[in-house]
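Remarks on the structure that follows.
Whatever order the structure lists ligands and atoms in, that order sets their numbers, starting from 1. Because the structure is a prediction, the values reported are computed rather than measured.
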Amino acid sequence: MIANPVPWPNGARCAVAFTFDMDADSILHLAHHTSADTRLAAMSMLRYGPEIAVPRLVELYKRFDMHQTFFLPAWCMERYPAAVEAILQGGHEIAHHGYLHEHPNELPSEEELYWLQRGIDVFVAMTGERPRGFRAPTYKFSRHTLTHLVNESFVYDASLMGDDVPYLLENAAGRVVELPSHYALDDWPHFMASRDFNYFMSIKPPRQAMEVYAAEFDAMWEYGGLWIAVWHPFLSGRLARCVAIAELIEYMHKKGQVWFARLDEIAAYVQQLTQARTWVPRVDRLPYYPGPIPELGEAEPTLAR
Ligand SMILES: [Zn+2]
């Protein structure tokens with residue numbers, strides 16, 4: 001089913017990474033710049049992430065002796081230093097998720113680079129090192145993102161959805177490792193309900209989402225894939241959902257032969273295999289298109305109506 005499965009370390013059948021994007025209230029300021037300060041209920045829902053959920057998740061990982069990856073907009077690191085401290089103390093990785101959760105593919109290239117570098121400065125000041133990984137806010141990876149990541153010495157990206165196993169992104173500037181996921185493993189489609197974001201999924205018991213995540217895991221385990229959860233502390237860190245996550249982790253442990261790892265560890269492993277030519281990843285050349293396809297012309301196409 002997977003043409004080129006990865007020889008995961010120590011005979012593991014698949015690699016598993018629980019990644020949390022701690023967006024906190026950055027997304028509210030971005031969506032409602034002039035009125036975010038008046039939306040206190042939404043603000044409290046989002047602040048639950050760094051204040052309540054992150055310490056809980058760090059405890060949960062400690063119980064299972066797991067080290068995982070958290071993606072943080074740098075502005076959230078500045079606003080919530082206690083959450084940063086808890087994550088680092090737990091032995092987890094913090095990776096780059098924009099400065100204020102800005103959308104790279106809606107910005108000119110220079111502006112995208114400005115926010116990326118401003119975020120890196122915060123990482124260096126607060127963690128003592130540059131970030132190794134990047135996830136574009138809201139998956140909005142631009143046609144210029146890869147060049148900026150290469151020039152800023154990033155090792156991996158985790159924004160795209162093009163495979164079941166790691167692959168390489170390449171352009172004239174160079175390469176980074178891509179660690180892909182997809183929407184079934186994101187928690188917004190399962191749990192997000194907020195009028196302030198005009199996004200209202202129906203409320204369901206957490207186990208229904210866990211069934212989806214477990215089905216994805218079972219397939220990855222069977223065929224040698226990579227399972228990456230794209231979750232958010234303010235959504236999946238809620239109490240009943242956290243209880244369900246603990247059960248999912250137990251299920252994975254019982255099944256066995258699973259490599260639980262931080263994304264920087266998975267990226268380093270992929271680089272090591274690639275250099276030794278033990279395993280040759282697929283290469284995706286970016287951008288896919290230099291601009292809109294010419295067949296539809298400049299005008300708003302009638303085909304799309
Ligand atoms: Zn995000």
Side-chain angles (χ1 to χ4, degrees), residues 17-33 36 39 42-54 57 68-80 83-84 86-87 92-107 111-112 115-116 118-120 122-123 126-127 131-142 145 148-149 154 156-161 178-194 196-201 209 213 228-238 241 245 262-264:
F18 292 81
T19 68
F20 273 92
D21 298 358
M22 196 199 87
D23 297 334
D25 48 314
S26 65
I27 52 176
L28 191 65
H29 297 287
L30 200 70
H32 303 287
H33 177 206
R39 299 171 187 257
M43 195 77 80
S44 69
M45 174 186 78
L46 296 165
R47 288 170 62 97
Y48 184 97
E51 306 276 5
I52 308 297
V54 165
L57 291 165
Q68 296 294 310
T69 297
F70 290 77
F71 287 89
L72 268 64
W75 179 86
C76 298
M77 296 172 70
E78 295 173 324
R79 298 293 304 178
Y80 301 100
V84 171
I87 292 167
H92 307 293
E93 175 194 11
I94 300 183
H96 200 306
H97 193 45
Y99 180 73
L100 194 47
H101 212 272
E102 66 283 351
H103 298 161
N105 71 352
E106 294 164 12
L107 298 173
E111 216 175 305
E112 177 183 354
W115 292 115
L116 186 75
R118 185 161 164 178
I120 292 169
V122 174
F123 269 81
M126 291 187 69
T127 71
R132 287 176 287 281
F134 178 76
R135 174 173 288 149
T138 326
Y139 303 102
K140 294 199 168 184
F141 193 99
S142 82
T145 302
H148 297 324
L149 295 181
F154 280 81
Y156 74 89
D157 172 75
S159 315
L160 303 182
M161 310 190 188
E178 176 60 33
L179 302 175
S181 187
H182 64 114
Y183 273 116
L185 288 168
D186 191 308
D187 57 1
W188 271 60
H190 295 292
F191 296 139
M192 182 53 164
S194 168
D196 297 85
F197 289 93
N198 209 13
Y199 198 106
F200 230 90
M201 304 312 295
Y213 302 144
I228 300 180
V230 183
W231 295 347
H232 302 80
F234 82 93
L235 290 174
S236 290
R238 283 274 163 185
R241 295 165 190 167
I245 290 171
R262 298 165 27 152
L263 291 188
D264 59 345

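A ring-centre distance under 6.0 Å is not found for Phe134 and Phe141.
Side chain of Asp187 to main chain of His232: a donor-acceptor pair is present (N/O by atom type, distance under 3.5 Å, no hydrogens or angles). Looking only at distances, a side-chain donor or acceptor of His97 sits under 3.5 Å from a matching main-chain atom of Arg135.
Side-chain contact check for Met77 versus Phe123: some heavy-atom pair is nearer than 4.5 Å.
Around the Zn ion (ligand 1), the protein contributes the following N, O or S atoms under 2.8 Å, ordered by chain and number: Asp23 OD1, Asp23 OD2, His97 NE2, His101 NE2.
Remark: Arg238 is not positioned above the aromatic ring of Phe191, lacking an NZ or CZ atom under 6.0 angstrom from the ring centre and at most 45 degrees off the axis.
Glu93 and Tyr156 get closest at one heavy-atom pair: OE2-OH, 2.8 Å.
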